Amino acid sequence: MTARTILTAALCAAALTACSKPEPVNQTHQGRLEEGDQVLEQDNSLYDEYTFRADEGWNISIAMNSGELDTYLHLIGPDGDTLAQNDDVASGNTNSQVTATAPKAGEYTVLANSLSSGEAGAYTLTISAQPAQ
């Protein structure tokens with residue numbers, strides 16, 4: 001096999017991978033914010049990071065629930081812009097939820113965060129990204 005044939009095969013494989021459609025996302029994560037986790041620079045609060053792929057126009061829904069800490073969610077788009085964030089789902093309910101429509105295809109990032117600096121505890125995070133109906 002010549003170098004040219006190998007290069008052509010590699011370029012074709014890369015193009016097919018780049019054009020592939022993401023699969024719908026339905027994930028549940030059991031996590032724990034604790035000392036040693038990543039820390040947001042602006043308020044020194046702890047966070048864990050999760051990523052998923054979505055296509056343009058998909059409906060994204062994320063929920064973070066905990067009986068041990070005041071949760072805070074951030075949804076960051078493929079360009080690094082914050083698309084949505086939420087502290088409390090409702091008055092008196094310190095769980096968090098965000099919904100958004102994917103503005104473009106790509107990798108999205110969720111920051112499962114605590115509201116306050118040093119706040120730690122267990123949580124459940126659910127991530128759903130589905131084509132619009």
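A quick note: this is a predicted structure, and the numbers were derived from the prediction, not measured. For this chain, numbers begin at 1 and follow the sequence in order.
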Which pair of non-hydrogen atoms, one from [X] and one from [Y], has the smallest distance, and what is that distance?
{"X": "Ala105", "Y": "Pro78", "result": "O-CG, 4.1 Å"}
{"X": "Arg32", "Y": "Asp48", "result": "O-OD2, 3.4 Å"}
{"X": "Arg53", "Y": "Val25", "result": "O-CG2, 3.6 Å"}
{"X": "Ala54", "Y": "Pro22", "result": "C-CG, 3.7 Å"}
{"X": "Thr94", "Y": "Leu69", "result": "OG1-O, 4.1 Å"}
{"X": "Ala112", "Y": "Tyr50", "result": "CB-CE1, 4.0 Å"}

* Under 3.5 Å, side chain of Ser96 to main-chain N/O of Thr71, donor-acceptor pair present? -> yes
* Polar side-chain atom of Glu68 near backbone of Ala122 as donor-acceptor pair, under 3.5 Å -> yes
* **Hydrophobic cluster membership, Leu40 vs Ile76, 4.5 Å side-chain cutoff** => yes
* State plainly whether one hydrophobic cluster holds both Leu125 and Val98, where clusters connect Ile, Leu, Val, Met, Phe, Trp and Tyr through side-chain heavy atoms under 4.5 angstrom apart. => yes
* Quick one: list whatever passes salt bridge (Lys or Arg N to Asp or Glu O under 4.0 Å) with Asp55, sequence neighbours left out. => Lys21
* **Gln38, CD atom: more than 12 neighbouring heavy atoms under 6.0 Å** => yes
* Asked: Just wondering, are more than 12 heavy atoms of other shown residues or ligands nearer than 6.0 Å to CD in Gln42?
  -> yes
Quick one: are [X] and [Y] in side-chain contact, heavy atoms under 4.5 Å?
{"X": "Ser45", "Y": "Ser116", "answer": "no"}
{"X": "Ser128", "Y": "Gln130", "answer": "yes"}
{"X": "Glu49", "Y": "Tyr47", "answer": "yes"}
{"X": "Ile127", "Y": "His29", "answer": "yes"}

* Structure fact -> Contacts satisfying ring-ring contact (aromatic ring centres under 6.0 Å, His included) that involve residues 85-132 (not counting sequence neighbours) are Phe52-Tyr108
* Evaluate the criterion side-chain contact (heavy atoms from CB on, under 4.5 Å) for residue pair Leu75 and Ile60; output intermediate values, then yes/no. => CA-CA 9 Å; Leu75 173 61; Ile60 299 171; 4.0 Å; yes
* To do: Evaluate the side-chain contact (heavy atoms from CB on, under 4.5 Å) criterion for residues Leu73 and Asn113: first the C-alpha distance (whole Å), next the side-chain angles of each, then the deciding distance (0.1 Å), finally the verdict.
  => CA-CA 6 Å; Leu73 278 173; Asn113 186 218; over 6 Å; no
* Asked: If we ignore angles and hydrogens, is there a donor and acceptor under 3.5 Å between the side chains of Thr124 and Asn65?
  -> no
* Look up atom CG in Asp37 and atom OG in Ser114, then write down how far apart they are to the nearest 0.5 Å. => 9.0 Å
* Quick one: do Leu46 and Glu34 satisfy side-chain contact (heavy atoms from CB on, under 4.5 Å)? Show the steps, please. => CA-CA 7 Å; Leu46 301 169; Glu34 56 195 355; 5.6 Å; no
* Yes or no on side-chain contact (heavy atoms from CB on, under 4.5 Å) for Thr99 and Ser61, after CA distance, side-chain angles and deciding distance? -> CA-CA 4 Å; Thr99 58; Ser61 179; 3.9 Å; yes
Below 3.5 Å, can you tabulate the donor-acceptor pairs from side chains in residues 80-87 to any protein atom, sequence neighbours excluded?
residue, atom, partner, partner atom, Å
Gln85, OE1, Tyr72, OH, 3.4
Gln85, OE1, His74, ND1, 3.4
Asn86, OD1, Gln97, N, 3.0
Asn86, ND2, Asp88, O, 3.4

